[in-house]
Amino acid sequence: MADDSKDDFLQLIKRVGAFLTLKFSNLFSQLDSRSIWAIAGLAFAIVFTWRLFRNPSGPQRRQQPKRQGPSSSSSGVSSQEAINSSSSGVINPSEDSRTQNVIDEFFQPVKPTLGQIVRQRLSEGRKVTCRLLGVILEETSPEELQKQATVTVRSSVLEVLLEITKFCDLYLMERVLDDDSESYMCNCFEITNILDEIVQKKIIMALEDAGVFTSGGLVKDKVLFCSTEIGRSSFVRQLEPDWHIDSNSEVITQLARFIKYQLHVSTVKLERPAPNVFTATSLEQFFGCV
């Protein structure tokens, strides 16, 4: 019986080892620097194997009387079957399935959080500039901003936007039509009277109602306005961000040689984008949220 128990244990170790070899190979390829999970998995495997070896079925088998009474033929047949099963190395299918299910469940790939995805996709960039129209707002043109009584923030982009503000210095900017002057703002950090103050207030109010300023990562002073596309390009160049996000292909093309990375948010891809320009249909789509 001791030899049988030893054989069972060796067979169990081989099966668990095969499972762990496959699972660990998948785990290491997915977790990268999170090696602590691999250490935790190894500890779990050792404890799990030890507990299986101490399964009550083992002691119960060893506690059975060495000899059965001759009057109990059925009991003798059952004992003989158990001995044959043990000596042949057959493992209970239900126990084998349960073992595999427990190991599979424990070694499920760890799903990264949205914050981790944002950091990874932005290559740990610390400063980001982003256009409002067509990216953060439902409206896509300055004319829409003037015509509509209220401005709408896209609800699907809020979660990503708030994650960006947690670890990036974020600046939002937009062009606002100015009928009274053809000039544009040259100072990136001031809002002058030549711009349409009503539209500015509508945008600020929409962002405030959406909770963009509540996280503490974005303040109203970092929402910038200008009256031309050239003005927005000037903003970006002076701020020198790691990333610029825009829906205007011309601005993206002009800034490609000045900005480290850019994201062009549009349903139409650029014909010959620069190597540092990425394209997505929306900001949330770029981070895999849709």
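Numbering of residues begins at 1 and proceeds along the displayed sequence.
- Between atom OG1 of residue T152 and atom NZ of residue K202 there is a gap of 10.5 Å, rounded to the nearest 0.5 Å.
- The closest donor-acceptor contact from the side chain of Q116 to the backbone of T113 lies under 3.5 Å.
- Going from atom CG of L114 over to atom CZ of R119 covers 9.5 Å, rounded to the nearest 0.5 Å.
- V199 and M205 fall into different hydrophobic clusters, defined by Ile, Leu, Val, Met, Phe, Trp and Tyr side-chain heavy atoms under 4.5 Å apart, directly or through other members.
- The side chain to side chain contact (heavy atoms under 4.5 Å, CB included) with D246 is formed by just one residue from the set T129, L263, V251, V135; it is V251.
- In this structure a side-chain-to-backbone donor-acceptor pair under 3.5 Å is missing from K222 to L170.
- L224 is not listed as a side-chain neighbour of L172, based on a closest heavy-atom distance of 4.5 Å or more.
- Taking hydrophobic clusters as Ile, Leu, Val, Met, Phe, Trp and Tyr residues chained together by side-chain heavy-atom distances below 4.5 Å, L207 shares a cluster with I164.
- A cation-pi geometry, defined here as NZ or CZ lying under 6.0 Å from the six-membered ring centre and within 45° of its normal, holds between R121 and F286.
- Within the 4.5 Å cutoff, no side-chain heavy atoms of Q262 are placed close to those of F278.
- Using a distance-only test at 3.5 Å, with no hydrogens or angles considered, no donor-acceptor pair links the side chain of R232 to the main chain of C226.
- Separation of atoms CD (Q285) and OG (S156) is listed at 11.5 Å; rounding is to 0.5 Å.
- When only modelled atom types and interatomic distance are considered, E229 and S233 share no side-chain donor-acceptor pair under 3.5 Å.
- Of the possible polar contacts, none joining the K269 side chain to the H264 backbone as a donor-acceptor pair under 3.5 Å is found.
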Give the C-alpha distance, both sets of side-chain angles, the deciding distance and a yes or no for side chain to side chain contact (heavy atoms under 4.5 Å, CB included) between V128 and D242. CA-CA 6 Å; V128 178; D242 299 300; 5.9 Å; no
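- With P241 as the partner, the side chain to side chain contact (heavy atoms under 4.5 Å, CB included) test is satisfied by one option alone out of I259, D169, L255: I259.
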Could you go through the side chain to side chain contact (heavy atoms under 4.5 Å, CB included) check for I245 and L283 one step at a time? CA-CA 8 Å; I245 305 169; L283 186 61; 3.7 Å; yes
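- The shortest distance between side-chain heavy atoms of C130 and I136 falls below 4.5 Å.
- Contact of the V176 side chain with the P142 side chain is not registered, since no non-hydrogen atoms from C-beta on lie closer than 4.5 Å.
- Counting heavy-atom neighbours within 6.0 Å of E250 CD, excluding the residue itself, gives a total of 12 or less.
- Between the side chain of S234 and the backbone N or O of I230, no donor-acceptor pair lies under 3.5 Å.
- Using a 4.5 Å heavy-atom threshold, the side chains of E284 and R154 count as touching.
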Can you check side chain to side chain contact (heavy atoms under 4.5 Å, CB included) on V219 and F213, steps first, answer last? CA-CA 6 Å; V219 296; F213 302 120; 5.5 Å; no
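- In this structure, R175 is not positioned above the aromatic face of F225 in the sense of NZ or CZ being under 6.0 Å from the six-membered ring centre and within 45° of the axis.
- Looking at W243, its side chain never comes within 3.5 Å of a backbone N or O of G125 through a donor-acceptor pair.
- Around atom CD of Q148, more than 12 heavy atoms belonging to other residues, nucleotides or ligands sit under 6.0 Å away.
- In this structure, the side chains of I252 and V277 come closer than 4.5 Å at one or more pairs of heavy atoms.
- Once rounded to the nearest 0.5 Å, the distance linking CZ of F258 with CD of Q238 reads 12.5 Å.
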Could you please spell out the steps behind the side chain to side chain contact (heavy atoms under 4.5 Å, CB included) verdict for E139 and V151? CA-CA 7 Å; E139 291 75 19; V151 176; 3.5 Å; yes
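- Judged by distance alone, with hydrogens and angles left aside, the side-chain atoms of E163 form no donor-acceptor pair with the main-chain N or O of V118 at under 3.5 Å.
- Residues V265 and L162 do not share a hydrophobic cluster, defined by chaining ILVMFWY side chains whose heavy atoms lie under 4.5 Å apart.
- For the atom pair CG (L137) and CG (L132), the distance works out to 5.0 Å, reported to the nearest 0.5 Å.
- I203 is listed as a side-chain neighbour of L145, based on a closest heavy-atom distance under 4.5 Å.
- With hydrogens and angles ignored, the 3.5 Å screen pairs no side-chain donor or acceptor of R131 with any backbone N or O of M173.
- The closest side-chain heavy-atom distance from T165 to L218 is below 4.5 Å.
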